[in-house]
Amino acid sequence: MRRLNAELETRVRERTAQLETTNAELESFSHSVSHDLRAPLRGIAGFAEALEETSGARLDEQGRGHLKRSARRRNVWPC
């Protein structure tokens with residue numbers, strides 16, 4: 001019984017180590033992806049702001065609605 005418990009504890013420690021390694025890799029990957037997406041999102045935000053400033057008054061209701069939604073979303077982007 002003790003041998004089985006010791007084997008089980010060893011397996012749990014090994015699996016925990018594997019999960020910790022995997023979690024660290026996923027964290028690194030998500031940080032990299034987040035960082036890589038910031039520049040394009042800033043570019044999109046800048047383009048939308050420029051469009052609103054230069055042509056917002058000439059857009060139809062649908063176009064203004066798109067810009068408003070874009071502005072709301074820009075406020076929550078982590079850029």
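Along the sequence shown, the residues carry numbers beginning at 1. Quick note: numbers below take in every heavy atom, side chains included, and nothing from hydrogens, waters or symmetry partners.
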Checklist entry - Quick one: side chain to side chain contact (heavy atoms under 4.5 Å, CB included) partners of Thr10, sequence neighbours excluded? => result Arg13, Glu14
Checklist entry - Roughly how far, to the nearest 0.5 Å, is OG of Ser34 from CZ of Phe29? => result 11.0 Å
Give the table of side-chain donor-acceptor pairs shorter than 3.5 Å for residues 19-27, with sequence neighbours excluded, one pair per line with atom names and distance.
residue: Thr21; atom: OG1; partner: Ala17; partner atom: O; Å: 3.0
residue: Thr22; atom: OG1; partner: Gln18; partner atom: O; Å: 3.0
residue: Asn23; atom: ND2; partner: Leu19; partner atom: O; Å: 3.4

Next on the checklist: For Ser28, is there any backbone N or O sitting under 3.5 Å from a side-chain donor or acceptor partner on Ser32?
Outcome noted: no
Checklist entry - Out of curiosity, does Val12 fall in the hydrophobic cluster containing Leu4 (side-chain heavy atoms, cut-off under 4.5 Å, transitive links)? => result no
Checklist outcome for this item: Here the gap from Leu37 atom CG to Ile44 atom CD1, rounded to the nearest 0.5 Å, amounts to 9.0 Å
Checklist outcome for this item: To the nearest 0.5 Å, atom CG of Leu51 lies from atom CG of Leu67 at 5.0 Å
Checklist entry - Is the count of non-hydrogen atoms from other residues, nucleotides or ligands lying under 6.0 Å from Glu61 atom CD greater than 12? => result no
Checklist entry - About how many Å separate OG1 of Thr54 and CD of Glu52, when rounded to the nearest 0.5 Å? => result 9.5 Å
Next on the checklist: Arg11: which residues meet the salt bridge (Lys or Arg N to Asp or Glu O under 4.0 Å) condition with it, sequence neighbours left out?
Outcome noted: none
